[in-house]
Amino acid sequence: MKIGAIAVIGLLMLTGCSGGMSKSTEFGIKTCAQVGVLDQFMQEKNNTVDYQVMLQDIYDSANEAVAYDPDKFGQLALLVNRMKDSIARGDRKVLLDLVAVEGECKNLGYL
């Protein structure tokens with residue numbers, strides 16, 4: 001899954017440069033690719049990753065996506081921000097929040 005997400009980010013950069021993708025889609029794909037990588041790192045219990053930086057990138061991308069297209073990415077941004085709140089509170093349901101974000105990414109066709 002890690003390699004797939006990296007490939008998606010690479011494709012995203014190439015497509016974004018050619019002008020063939022909307023900004024909202026670009027940020028939506030970026031958010032979902034990062035969520036996939038986060039999930040993989042968490043499953044591996046990777047201790048070398050700076051999770052705070054990764055999470056901040058996910059939040060920023062989701063909020064950018066919803067700023068460009070609130071109808072399409074409103075649910076994604078809502079779920080990402082719920083996950084952020086769960087992490088800040090130390091809530092054990094953060095894994096359920098992550099699953100919900102992944103589900104929305106699947107609904108959007110990005111995961």
Side-chain angles (χ1 to χ4, degrees):
M1 181 179 257
K2 213 178 346 176
I3 294 172
I6 292 168
V8 167
I9 292 172
L11 177 63
L12 170 68
M13 291 180 354
L14 288 174
T15 308
C17 292
S18 69
M21 182 183 300
S22 71
K23 280 294 199 185
S24 63
T25 299
E26 180 180 329
F27 284 113
I29 291 172
K30 182 178 178 184
T31 301
C32 291
Q34 291 171 324
V35 166
V37 172
L38 172 66
D39 186 13
Q40 185 66 35
F41 284 155
M42 289 175 68
Q43 287 182 39
E44 293 172 356
K45 297 180 182 170
N46 188 323
N47 294 326
T48 63
V49 176
D50 188 343
Y51 286 102
Q52 291 303 323
V53 169
M54 182 176 272
L55 290 166
Q56 189 61 52
D57 287 343
I58 291 169
Y59 309 140
D60 292 345
S61 296
N63 289 323
E64 286 290 335
V66 77
Y68 282 103
D69 190 343
D71 293 332
K72 184 172 183 179
F73 294 106
Q75 184 69 14
L76 179 64
L78 174 72
L79 293 170
V80 165
N81 283 293
R82 277 190 188 162
M83 185 174 72
K84 178 180 181 180
D85 291 342
S86 291
I87 291 168
R89 288 190 318 269
D91 194 333
R92 300 181 102 189
K93 74 172 194 136
V94 70
L95 291 177
L96 294 175
D97 292 332
L98 177 60
V99 170
V101 172
E102 289 177 321
E104 182 60 17
C105 286
K106 286 179 185 172
N107 288 339
L108 290 167
Y110 299 149
L111 192 61

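In this chain, numbering begins with 1 at the start of the sequence shown.
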Please work out which of the three classes, parallel, tilted or perpendicular, describes the rings of Phe41 and Tyr51, given edges at 30° and 60°. perpendicular
Among residues at least two apart in sequence or on other chains, which ones pass side chain to side chain contact (heavy atoms under 4.5 Å, CB included) with Leu78? Gln75, Arg82
Is there any salt bridge (Lys or Arg N to Asp or Glu O under 4.0 Å) pair reaching into residues 50-62, and which pairs are they, with sequence neighbours excluded? none
Closest non-hydrogen contact found for Ala62 with Ala77 is O-CB, 3.9 Å
Please report the shortest heavy-atom distance between Cys32 and Leu111, naming the atom on each side. O-CD1, 3.9 Å
For Asp85, enumerate each residue passing the salt bridge (charged side-chain N to carboxylate O under 4.0 Å, His left out) test, keeping only those at least two apart in sequence or located in another chain. none
Checking Arg89 now: which residues fulfil salt bridge (charged side-chain N to carboxylate O under 4.0 Å, His left out) with it, not counting sequence neighbours? Asp91
For Asp69, what residues pass the side chain to side chain donor-acceptor pair (under 3.5 Å) criterion, not counting sequence neighbours? none
I'd like to check the side chain to side chain donor-acceptor pair (under 3.5 Å) partners of Lys72; sequence neighbours left out, ordered by chain and number. Tyr110
Would a 4.5 Å heavy-atom cut-off, applied to side chains only, mark Ile87 and Met83 as touching? yes
Could you check whether any side-chain heavy atom of Val66 comes within less than 4.5 Å of a side-chain heavy atom of Leu76, counting everything from C-beta outward? no
Should the pair Lys84 and Tyr59 be classed as cation-pi, given the thresholds of under 6.0 Å to the six-membered ring centre and 45° from the axis? yes
